[in-house]
Amino acid sequence: MTMTTPESCRRHRARKITWQAVWLLTSLLLAGCAGHPAARPHGAPLTPAEIEATWLGQWAAVTASPYPGKSGFTLLSRGQDAFRLRVLLAEQADRRLDIQTYLMGDGLTTRVLLLRLLAAAERGVEVRLLIDDIGAVGQGSQLAALDSHPNIQVRVYNALGLARGTLTGRVLASAPQAARQHRRMHNKLWVADGALAIVGGRNLGDEYYSAGEPRNFTDLDLLALGPVVAPVAELSPLLEPRPGTADRALPRRYR
């Protein structure tokens, strides 16, 4: 049986207070490097007339015309097909591309997709990217470069405006508010001109498109067209932030 003495209790409390002080000091030091979110305007959802005026909107309307009022779906089980379709939608978009992802890897497929998004922005397409804060760790330069384009808006979900360079720093910074750490955005969404939407389990990264080494993920996406696309697109926090939502504009120090 172990006896607890007043002296041992005092030592335990002292150690606890010391660790709390370390966490507090670390958080304060990290907070000194914090950036403030830069305000960015949110665009309204595309109207049916705007959607129908796009090439993809016209194609979707013609395809769905034999089935009035119904939505169409097809499974994307092969990684190569899921990648090619994202490239195609980026190349054919006329008005807007909305992308949500939990992670954004630095592989060849990601670079190709980002180049297609940049090309779309160059021809006047509005590109809006939402990425989870954990997936954005260490990618400040890349995200800032994208966000600097006048037709591209990058937002970070549940973002901490400090210690974003490394995962270790991110974990230390989130320690004082651990409950917030579990508020993650796992949505994966790729909507083109409000006419077609890809939803499912694939993030941006080679291993999701059968291009990774040494392993790849077996995942599944769904391509949708028809009336279902509008409510799917409206699920995105990119459209209109509401009080209490956790998405923030890209920290100003990235810009």
Side-chain angles (χ1 to χ4, degrees), residues 45-46 48 50-52 54-117 119-120 125-132 134-135 155 157 184-239:
L46 296 177
E50 290 173 330
I51 294 172
E52 292 171 7
T54 66
W55 188 91
L56 289 174
Q58 294 171 13
W59 180 88
V62 170
T63 303
S65 59
Y67 313 97
K70 297 184 181 297
S71 298
F73 308 91
T74 187
L75 290 176
L76 305 174
S77 57
R78 299 179 67 246
Q80 298 95 329
D81 294 339
F83 172 74
R84 293 190 190 102
L85 190 54
R86 283 169 169 83
V87 170
L88 179 64
L89 293 182
E91 292 177 340
Q92 296 297 329
D94 292 322
R95 292 293 301 267
R96 179 177 293 166
L97 287 163
D98 280 335
I99 296 102
Q100 287 182 253
T101 185
Y102 177 64
L103 299 171
M104 187 173 75
D106 186 28
L108 181 60
T109 57
T110 301
R111 296 180 186 184
V112 170
L113 289 173
L114 292 181
L115 284 173
R116 294 301 190 276
L117 295 181
V125 176
E126 181 185 7
V127 178
R128 306 190 297 182
L129 171 65
L130 177 66
I131 183 172
D132 188 82
I134 292 296
R155 295 183 68 87
Y157 184 87
R184 304 269 55 91
M185 193 279 299
H186 282 277
N187 298 358
K188 293 90 175 177
L189 184 65
W190 192 287
V191 182
D193 286 339
L196 292 102
I198 300 175
V199 298
R202 289 186 174 94
N203 290 294
L204 301 184
D206 287 350
E207 60 271 23
Y208 293 96
Y209 303 108
S210 303
E213 290 291 343
R215 67 181 187 279
N216 291 289
F217 298 144
T218 301
D219 225 315
L220 193 66
D221 281 326
L222 184 73
L223 173 67
L225 61 80
V228 72
V229 175
V232 167
E234 290 174 3
L235 291 175
S236 173
L238 287 163
L239 296 179

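Side chains of Asp132 and Tyr157: no donor on one and acceptor on the other come within 3.5 Å.
No donor-acceptor distance shorter than 3.5 angstrom exists from the side chain of Asn203 to the backbone of Met104, with no hydrogens or angles considered. With hydrogens and angles disregarded, no donor-acceptor distance shorter than 3.5 Å links the side chain of Asp98 to the backbone of Trp190. With hydrogens and angles disregarded, a donor-acceptor distance shorter than 3.5 Å links the side chain of Thr63 to the backbone of Trp59. Ser71 places a side-chain N or O within donor-acceptor distance of the main-chain N or O of Val228, the cut-off being under 3.5 Å. Looking at Thr54, its side chain does come within 3.5 Å of a backbone N or O of Gly57 through a donor-acceptor pair.
Taking CG of Asp106 as the start and CG of Leu114 as the end, the distance is 9.0 Å to the nearest 0.5 Å.
Between Gly205 and Thr109, the closest heavy-atom pair is C-OG1, 3.6 Å. Shown here for Leu103 and Ile131, the closest heavy-atom pair between the two residues is C-CD1, 4.4 Å. Closest of all the heavy-atom pairs between Ala90 and Ala120 is O-CB, 3.8 Å. Residues Tyr102 and Lys188 approach most closely at CB-CE, 4.3 Å, considering heavy atoms. Between Gly194 and Ile51, the shortest heavy-atom distance links the atoms O-CD1, 3.6 Å.
Here the options are Leu223, Leu85, Leu88, the test is side chain to side chain contact (heavy atoms under 4.5 Å, CB included), and the partner is Leu196; only Leu223 passes.
With sequence neighbours left out, the salt bridge (charged side-chain N to carboxylate O under 4.0 Å, His left out) criterion links Asp193 to no other residue. In this structure Arg202 satisfies the side-chain hydrogen bond (donor to acceptor under 3.5 Å, both in side chains) test together with Asp221, sequence neighbours excluded. Scored by the ring-ring contact (aromatic ring centres under 6.0 Å, His included) test, Phe73 finds no partners at all (sequence neighbours excluded). The salt bridge (charged side-chain N to carboxylate O under 4.0 Å, His left out) test applied to Asp81 returns Arg78, Arg84, not counting sequence neighbours. Under the salt bridge (charged side-chain N to carboxylate O under 4.0 Å, His left out) criterion, Glu50 pairs with Arg95, sequence neighbours left out.
By the 4.5 Å heavy-atom criterion applied to side chains, Asp94 and Val125 are not counted as neighbours. Between Arg96 and Leu46, some side-chain heavy-atom pair lies under the 4.5 Å cut-off. Between Leu117 and Leu97, some side-chain heavy-atom pair lies under the 4.5 Å cut-off. Contact of the Leu129 side chain with the Thr101 side chain is registered, since non-hydrogen atoms from C-beta on lie closer than 4.5 Å. No side-chain heavy atom of Ile198 sits under 4.5 Å from any side-chain heavy atom of Leu222. Looking at Leu89 and Leu56, their side chains come closer than 4.5 Å, going by heavy atoms from C-beta outward. By the 4.5 Å heavy-atom criterion applied to side chains, Val191 and Gln100 are not counted as neighbours. Arg155 places none of its side-chain heavy atoms less than 4.5 Å from the side chain of Arg128.
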For a quick test of your reading: what N or O donor-acceptor pairs under 3.5 Å do the side chains of residues 211-220 make, sequence neighbours left out?
unit_1	atom_1	unit_2	atom_2	d
Asn216	OD1	Ala211	N	3.1
Asn216	OD1	Gly212	N	2.6
Asn216	ND2	Gly212	O	3.4

